[in-house]
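Counting starts at 1 for both ligands and their atoms, in listed order. Keep in mind that the numbers below use all heavy atoms, side chains included, and drop hydrogens, waters and symmetry copies.
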Amino acid sequence: MRRFVALLVLSTLAVACKSSGGGNANLSPKADAKVAKPAAVTPAAVAMGDSIFNNGSCARCHGKGGVGATNAPALSGPTFLQMTAGSFDEIVGIIVSGVPKDKIKDPSHPNAMGARGGRMALTDPQIQAVAAYVWTLSHK
Ligand code: HEC
């Protein structure tokens, strides 16, 4: 119940910000909404995820810092191709499943994204960490 009330307050605030002209007009309402930080997004997890993402294969396709590159979309922007809202759980889901070729939405991305980081074969704690890092990219 308290959680519900908190959500209600947050969404009312988000609406209030919008109607007063606050916020960036280029952001979609979903990405713009102030979302409570997921419990898994701790400084330690984000630091570990940063290292996995930027030293591992994620950055080869998505660019250093997830800014996007020829093979894969930016993960820092207001809109998403695979996900609806870029929630923590959605990010975890995409990393676990990967994106097979027939699920790729933008045909300019030629290569499938491997499940669990492909050859990196990420463990569950590593996936939680890299998802925490990716979550921060679109929730500054
Ligand atoms: C071989 C290239 C490649 C690698 C490596 C890769 N990805 Fe991806 N990723 C993609 C493609 C392609 C898509 C789907 C883009 C589309 O639909 O057009 C995608 C989609 C995503 C999405 C959903 C983005 C959205 O707009 O909805 C997330 C999150 C993501 N990747 C995270 C990661 C993480 C974290 C790693 C490292 C563990 C990683 N990716 C490694 C190619 C890659």
| What residue and heavy atom of the protein are closest to atom 12 (C) of ligand 1, and at what distance? |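 Closest protein heavy atom to atom 12 (C) of ligand 1: Asn111 O, 3.4 Å.
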
| query | How close does the nearest protein non-hydrogen atom get to atom 26 (O) of ligand 1, and which residue and atom is it? | reply |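 Its nearest protein heavy-atom neighbour is Leu81 N, 2.7 Å.
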
| Can you check whether Asp106 has an N/O within less than 3.5 Å of an N/O in ligand 1? |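 Yes, at least one N or O pair falls under 3.5 Å.
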
| query | Considering distance alone, does some N or O of Lys105 sit under 3.5 Å from an N or O of ligand 1? | reply |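 It does: an N or O of Lys105 is found under 3.5 Å from an N or O of ligand 1.
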
Once rounded to the nearest 0.5 Å, what's the spacing between atom [atom1] of [X] and atom [atom2] of [Y]?
{"X": "Arg60", "Y": "Asn71", "atom1": "CZ", "atom2": "CG", "result": "9.5 Å"}
{"X": "Leu137", "Y": "Asp50", "atom1": "CG", "atom2": "CG", "result": "8.5 Å"}
{"X": "Gln128", "Y": "Leu122", "atom1": "CD", "atom2": "CG", "result": "11.5 Å"}
{"X": "Met113", "Y": "Ile94", "atom1": "CE", "atom2": "CD1", "result": "6.5 Å"}
{"X": "Met48", "Y": "Gln126", "atom1": "CE", "atom2": "CD", "result": "5.0 Å"}

| message | Taking the side chain as everything from C-beta on, heavy atoms only, tell me whether Cys58 gets closer than 4.5 Å to Met120. | response |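 Yes; the side chains approach each other to less than 4.5 Å.
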
| task | Sequence neighbours left out, what pairs pass ring pair (Phe, Tyr, Trp, His ring centres under 6.0 Å) with at least one residue falling in residues 34-58? | result |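 Checked against ring pair (Phe, Tyr, Trp, His ring centres under 6.0 Å) - neighbours excluded - the pairs reaching residues 34-58 are Phe53-Tyr133.
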
| said: When you measure from the heavy atoms of Ser57 to every atom of ligand 1, does any distance fall below 4.0 Å? | reply: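 Heavy atoms of Ser57 do come under 4.0 Å of ligand 1.
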
| task | Please verify whether a non-hydrogen atom of Ala112 lies at under 4.0 Å from ligand 1. | result |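 Under 4.0 Å: yes for Ala112.
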
| query | Can any side-chain N or O of His62 pair as donor or acceptor with the backbone N or O of Leu75 at less than 3.5 Å? | reply |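 No; judged by distance alone, with no hydrogens or angles, the pair does not exist.
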
| request: From the options Glu90, Gln82, Arg60, select the one whose nearest heavy atom is closest to atom 14 (C) of ligand 1. | output: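 Looking at heavy atoms only, the winner is Gln82.
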
| field | Polar side chain donor-acceptor pair, Asp106 to Ser108, under 3.5 angstrom | value |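 There is such a pair between these side chains.
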
| task | With heavy atoms of His109 as the reference, note each atom of ligand 1 found under 4.0 Å away. | result |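 The atoms of ligand 1 under 4.0 Å from a heavy atom of His109 are 12 (C), 15 (C), 16 (C), 18 (O).
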
| request: Have a look around atom 8 (Fe) of ligand 1 and list protein N/O/S atoms under 2.8 Å, or say none. | output: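 The answer, once waters are left aside, is His62 NE2, Met113 SD.
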
| Basic-acidic side-chain contact under 4.0 Å: Arg116, Asp124 |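 Between Asp124 and Arg116 there is a salt bridge, with a charged N closer than 4.0 Å to a carboxylate O.
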
